[in-house]
2 protein chains.
Amino acid sequence: MLTEAARVFLQRLERFGTLGAADKQALQVLVQHPAVHEAKTDVFHEGDERRELHIVLSGFFCRYRLLADGSRQILAILLPGDLCDPNLFSKQPYDFSVGALVLGRTAALSRLPLHDLFRRPGVARAFASTRHFDDALSREWLVNIGRRSSEQRILRLFSELTWRLEALGLLTGNVVTLPLLQADLADAVGLTHVHLCRTLKQLQTGGLIRPERGRIVLHDVAGLRKAVGVWPSYLAGLISVAPPPQAPEAPRRQLASAVEPLPI
Amino acid sequence: MLTEAARVFLQRLERFGTLGAADKQALQVLVQHPAVHEAKTDVFHEGDERRELHIVLSGFFCRYRLLADGSRQILAILLPGDLCDPNLFSKQPYDFSVGALVLGRTAALSRLPLHDLFRRPGVARAFASTRHFDDALSREWLVNIGRRSSEQRILRLFSELTWRLEALGLLTGNVVTLPLLQADLADAVGLTHVHLCRTLKQLQTGGLIRPERGRIVLHDVAGLRKAVGVWPSYLAGLISVAPPPQAPEAPRRQLASAVEPLPI
DNA sequence: CGGGTCGTTGAGTGGGGTCAACACGGGTGG
DNA sequence: CCACCCGTGTTGACCCCACTCAACGACCCG
């Protein structure tokens with residue numbers, strides 16, 4: 001019999017491929033110590049020693065860092081099944097914090113047995129895929145914050161979340177509600193909450209989203225994804241949906257030629 | 001007999017701990033296919049299949065992504081010893097490109113044997129540490145670009161590079177020259193090259209840096225680090241530097257030797 | 001000498017930040 | 001049931017940091 005925690009964990013690991021029965025058996029016994037976290041409380045905090053590996057069971061969590069002047073940068077939004085710490089085997093104290101954005105639950109598993117479990121090819125592959133997905137998202141975020149307008153940043157974040165929720169089976173139909181505060185969104189996309197509010201209002205007139213108190217309703221997921229345009233590369237292997245036709249690749253030899261519009 | 005390529009690679013892996021003689025023996029035979037890369041040419045390009053694992057031997061490289069509007073976001077700056085691809089075992093095509101910022105060299109090693117080599121605890125530990133360092137840097141960049149002023153972003157990037165160069169033994173005195181174009185710096189910190197130029201000029205009056213054509217001279221590394229203030233958390237375990245035991249002259253020559261190709 | 005790359009500078013604009021006040025709603029306690 | 005409070009969202013006024021467009025300058029190399 002599978003606890004709910006083990007089920008969420010294994011489902012996540014199997015998202016990109018399948019695990020053998022023995023793999024699953026070995027993994028599920030690790031999942032322990034369920035815990036409830038109120039919104040705005042930390043699972044662990046920057047500077048803490050790395051002990052158990054926490055995984056999200058329900059709710060929305062985030063990795064974040066606080067700066068000396070009190071501002072916060074959210075590094076990633078964590079959904080059910082996600083690992084709070086991308087670095088399974090690091091011995092360093094955490095250099096970031098993880099906190100709950102809304103009421104949610106986590107489980108914890110000890111890291112030590114993982115070392116041995118990595119001998120199993122299926123287990124290693126599953127963690128590697130999860131890891132790659134996590135990394136691809138963080139690259140996406142860096143590009144987003146570094147080079148895109150406030151509207152684009154927000155739309156892309158929403159789009160990302162719709163894909164991830166869909167992969168979890170938490171998106172049915174064309175509507176979804178994100179239980180996120182505007183202040184949280186602002187810290188995720190690198191804006192102030194005031195400007196984020198204004199931009200949301202503008203987007204609202206576009207008809208794709210509706211801000212409500214304490215949440216954002218995306219009432220046209222398909223339209224939102226279309227507005228963002230691309231099939232994000234981080235989805236590779238995540239969702240078994242045929243990608244739409246892609247624009248041709250940029251020429252590859254010289255950076256310069258790749259930056260400029262195609263010649264002729 | 002250790003090739004230079006193997007030496008650079010092993011030195012990097014040993015930065016956070018030591019490898020057994022057998023580990024090193026097994027790893028060094030993987031290092032092959034040295035290649036020279038002109039500035040502004042790619043090692044690989046977004047969309048390419050992941051084949052060999054490239055490592056930097058000399059020069060400055062970067063991971064980057066190009067956007068539809070032609071703008072570029074640099075995701076990381078790669079120094080000698082760094083792995084071009086943080087995801088050793090991913091099977092997905094690359095979702096970013098790696099290119100040379102100045103003339104430099106790489107080696108390539110096949111990924112397949114790595115799977116087996118990870119059975120060796122020392123090898124697994126070394127790669128995990130390298131990996132953790134890479135991740136910590138990318139978190140740092142996200143915070144930098146998301147929440148800091150242009151001056152701070154630039155100073156922090158410079159400071160980061162001084163620490164990393166020091167760890168490589170490429171920083172001996174209080175002065176170091178970064179062979180980076182202003183356009184590259186701008187794409188690394190998420191600014192336009194015009195504004196970056198102006199900010200550099202302001203910083204110049206602060207007396208810590210001097211922009212020259214095609215490079216930035218940091219002529220007060222200690223002062224720069226002090227201005228940035230903190231001992232960055234990503235350094236944990238990286239540097240056990242006692243002040244250079246015997247200051248050998250000509251610090252600039254050493255950097256130059258890393259930037260310019262040695263006889264091949 | 002010419003052309004290409006890289007850097008610098010100016011003028012003008014606007015996106016986004018800051019500060020501050022207020023509105024709204026949901027909880028809590030009297 | 002109302003009064004109050006606190007967390008959250010909204011709006012206005014103002015400003016300035018950073019972007020844009022454009023031209024020019026400096027340097028390098030053939």
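First the proteins, then the strands, lettered A, B, ... as listed; each starts at 1.
Contact annotation: A:Gln182 side-chain N/O to D:dT10 OP1/OP2 distance is under 4.0 Å. One finds a side-chain N or O of B:Lys40 lying less than 4.0 angstrom from the OP1 or OP2 phosphate oxygen of C:dC6.
With respect to B:Glu160 and B:Arg225, no salt bridge is recorded, no charged nitrogen being found less than 4.0 Å from a carboxylate O. A salt bridge does not link B:Arg164 to B:Glu140: none of the charged side-chain nitrogens sits closer than 4.0 Å to a carboxylate oxygen. One finds no salt bridge joining B:Arg153 and B:Glu151 here, because no Lys/Arg side-chain nitrogen approaches an Asp/Glu carboxylate oxygen to under 4.0 Å.
At a cut-off of 3.5 angstrom, the base of D:dG12 holds at least one donor-acceptor pair with the side chain of A:Arg198.
Looking at the side chain of B:Arg213, the nearest of the listed nucleotides C:dT18, D:dG9, C:dC6 is C:dC6. Residue B:Cys197 has its side chain nearest to C:dT8 when only C:dT8, D:dC19, D:dT8 are considered. Relative to the side chain of A:Ser149, the nucleotides C:dG16, D:dA13, D:dA18 differ in distance, and C:dG16 lies closest. The nucleotide whose nearest atom lies closest to any side-chain atom of B:Lys201 is, among D:dT8, D:dT11, C:dT9, C:dT9.
Axis angle between the ends of the helix from C:dC1-D:dG30 to C:dG30-D:dC1, five pairs each and rounded to 10 degrees, works out to 30°.
Atom CG in A:Asp187 sits about 11 Å away from atom P in C:dG17, given to the nearest Å. Distance A:Glu212 CD to D:dG7 C1': 17 Å, rounded to the nearest Å. Taking atom CZ on B:Arg148 and atom P on D:dC17, their separation rounds to 18 Å, with Å as the unit. Here D:dC28 presents its C1' atom at 13 Å from CG of B:Leu181, a figure rounded to the nearest Å. For B:His193 and D:dA18, the NE2 to C1' distance is 13 Å, given to the nearest whole Å. If you take CD of B:Gln202 and C1' of D:dA18, they are 12 Å apart, rounded to a whole angstrom. With rounding to whole Å, A:His195 atom NE2 is found 9 Å from C:dG17 atom C1'. Between B:Ile145 atom CD1 and D:dC17 atom P there is a gap of 20 Å when expressed in whole angstrom units.
Each of A:Asp85, A:Asp187, A:Asp134, A:Asp82 was compared with A:Arg63 under the salt bridge (charged side-chain N to carboxylate O under 4.0 Å, His left out) criterion, and only A:Asp134 meets it.
Looking at B:Arg105 and B:Ser58, their side chains do bring a donor and an acceptor atom within 3.5 Å of each other. Between the side chains of A:Ser97 and A:Arg65, no donor-acceptor pair of N or O atoms lies under 3.5 Å.
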Stepwise, does the side-chain hydrogen bond (donor to acceptor under 3.5 Å, both in side chains) test hold for A:Tyr64 with A:Asp42? CA-CA 10 Å; A:Tyr64 70 93; A:Asp42 281 354; 2.7 Å; yes

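Residue-level contact check: A:Ser150 touches the backbone only, with heavy atoms under 4.0 Å from sugar-phosphate atoms and none from bases.
Summary of the strand contacts: B:Leu191 and A:Pro211 both lie near DNA chain D, and taking for each the nucleotide with the nearest heavy atom, the more 5' one is attributed to A:Pro211.
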